[in-house]
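By convention here, the first residue in the shown sequence is residue 1. Counting starts at 1 for both ligands and their atoms, following the listed order.
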Amino acid sequence: MVEEQLKSRNIKDPRVLDAFIRIPRHTFVPSGDCEKAYGDYPIHIGLDQTISQPYMVALMSQCLALGGWESVLEIGTGSGYQAAILAELVQEVYTIERHEELSLRAQGKLKALGFSNIKFRVGDGTLGWPEEQPFDRIIVTAGAPHVPGALKNQLNDGGLLVVPVGPAEEQSLEIIRRDGAQFEQKTVCACRFVKLIGEEGWAE
Ligand code: SAH
């Protein structure tokens, strides 16, 4: 997976590549799908949700440009795989999932793997996590119709927000950098995620 899907497609951040070697992806897919765990595609995890393709997890992690000191907020805990990769890379990870069942399942897996630097919340992540803001980095792992304003506001000065934005069928992956009251936006590539559902996302 690391050689064929990540290194060959320009994932160069050595800390990101290392995290992919250390985290057992098969832990995060449904037990019957174990042999597919390292395939080059997303996999269904129930409740109409997916664990993203390895390359997309790596690309988004690389886009966050993590040095190790950052606090990171993730919207869309899902299987917990992206949270595990992030928790290998930084001190503190905050992750929000709207489906309690998925959050509890992810919490069990991440605790069993020994992670103690991830805080979980069940709720609408489009509103961010006001009590824990500001964050140095925010990553949204579901497709938003527009950039949620609350997430921009909860970014630290100099912070980065990585978010797929656009219509339900196809989004563009955007990196937004906060510079005081200004926000600078850069497009990375086209992508396709499940819907971000919530007050500043899609209607249910
Ligand atoms: N990061 C996940 C990928 C999850 S797919 C992983 O590594 O497996 C996207 C997830 O976002 C789904 O679990 C979905 O339920 C969740 N989601 C969608 N809208 C949300 C919202 N407003 N707040 C929190 N989670 C949301």
Side-chain angles (χ1 to χ4, degrees), residues 1 5-6 16 19-20 22-30 33 36-64 72-90 93-110 113 115 118-130 132-133 135 137-152 154 161-166 168 171 173 191-204:
M1 174 179 78
Q5 300 171 38
L6 308 187
V16 170
F20 270 80
R22 284 199 299 271
I23 303 293
R25 184 169 159 95
H26 57 267
T27 306
F28 296 91
V29 307
D33 280 343
K36 289 195 208 146
Y38 296 87
D40 192 14
Y41 36 71
I43 301 171
H44 289 284
I45 55 170
L47 289 139
D48 246 3
Q49 306 301 330
T50 54
I51 172 173
S52 305
Q53 174 195 23
Y55 170 67
M56 192 47 71
V57 178
L59 179 63
M60 291 176 91
S61 305
Q62 181 165 273
C63 287
L64 290 172
V72 182
L73 172 65
E74 178 195 27
I75 313 302
T77 313
S79 69
Y81 181 64
Q82 173 81 71
I85 297 284
L86 293 171
E88 279 285 320
L89 294 169
V90 298
V93 176
Y94 299 83
T95 183
I96 308 178
E97 169 57 53
R98 62 188 286 270
H99 289 297
E100 184 176 31
E101 188 182 331
L102 291 180
S103 178
L104 293 175
R105 213 188 290 161
Q107 289 181 41
K109 289 178 177 177
L110 291 162
L113 285 174
F115 286 106
I118 308 176
K119 292 206 174 84
F120 301 88
R121 178 168 176 157
V122 175
D124 179 5
T126 66
L127 304 175
W129 196 325
E132 300 286 357
Q133 62 145 337
F135 300 97
R137 302 288 188 266
I138 301 178
I139 172 173
V140 183
T141 64
H146 58 263
V147 180
L151 299 184
K152 284 165 75 173
Q154 291 179 24
L161 164 62
V162 174
V163 53
V165 184
Q171 303 92 41
L173 187 62
C191 57
R192 188 175 179 168
F193 281 81
V194 298
K195 280 185 181 172
L196 180 74
I197 294 172
E199 219 166 288
E200 289 206 45
W202 294 97
E204 202 160 342

Enumerate the atoms of ligand 1 whose separation from the nearest heavy atom of [X] is less than 4.0 angstrom.
X: Val194; value: 5 (S), 9 (C)
X: Leu102; value: 13 (O)
X: Thr77; value: 1 (N), 2 (C), 6 (C), 8 (O)
X: Gly123; value: 23 (N), 24 (C)
X: Glu74; value: 1 (N)
X: Ile51; value: 8 (O)
X: Thr126; value: 22 (N)

Non-hydrogen side-chain atoms of [X] and [Y] separated by less than 4.5 Å:
X: Phe120; Y: Val93; result: no
X: Glu88; Y: Phe20; result: no
X: Tyr94; Y: Arg121; result: no

May I ask you to identify the nearest protein heavy atom to [atom], giving residue, atom name and distance to one decimal place in Å?
atom: atom 4 (C) of ligand 1; answer: Thr50 O, 3.4 Å
atom: atom 11 (O) of ligand 1; answer: Gly76 CA, 3.2 Å
atom: atom 23 (N) of ligand 1; answer: Gly125 N, 2.8 Å
atom: atom 24 (C) of ligand 1; answer: Arg98 N, 3.3 Å
atom: atom 15 (O) of ligand 1; answer: Glu97 OE2, 2.6 Å
atom: atom 21 (C) of ligand 1; answer: Ile197 O, 3.5 Å
atom: atom 9 (C) of ligand 1; answer: Thr141 O, 3.3 Å

Quick one: does Glu200 get within less than 4.0 Å of ligand 1, heavy atoms only?
-> no
For atom 6 (C) of ligand 1, which of Ala83, Ser79, Ala142 has the closest heavy atom?
->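 Of the listed residues, Ser79 has the closest heavy atom.
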Compare Arg25, Gln49, Lys195, Gln82 and give the one whose heavy atom is closest to atom 14 (C) of ligand 1.
-> Gln49
In terms of heavy-atom contacts, does CD of Glu101 have more than 12 from other residues, nucleotides or ligands at under 6.0 Å?
->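 Atom CD in Glu101 is not packed in, count stays at 12 or less.
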Have a look at ligand 1 and work out which part of Ile45, if any, has a heavy atom under 4.0 Å from it: side chain, backbone, both or neither.
-> neither
Please work out whether the ring planes of His26 and Tyr38 are parallel, tilted or perpendicular, with thresholds of 30° and 60°.
->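 His26 and Tyr38: tilted rings.
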Mind listing the side-chain donor-acceptor pairs of residues 43-51 below 3.5 Å, one per line with the distance, residues two or more places apart or on another chain?
{"unit_1": "Gln49", "atom_1": "NE2", "unit_2": "Leu47", "atom_2": "O", "d": "3.3"}

Residues in side chain to side chain contact (heavy atoms under 4.5 Å, CB included) with Gln133, at least two apart?
-> Phe135, Gln154
Would you tell me whether Glu74 and Thr95 have side-chain atoms, one donor and one acceptor, within less than 3.5 Å of each other?
->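 There is such a pair between these side chains.
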Considering all heavy atoms, the nearest [X]-[Y] contact:
X: Val162; Y: Cys63; value: CG2-CB, 3.9 Å
X: Pro164; Y: Val140; value: CD-O, 3.1 Å
X: Gly78; Y: Ala106; value: O-CB, 3.8 Å

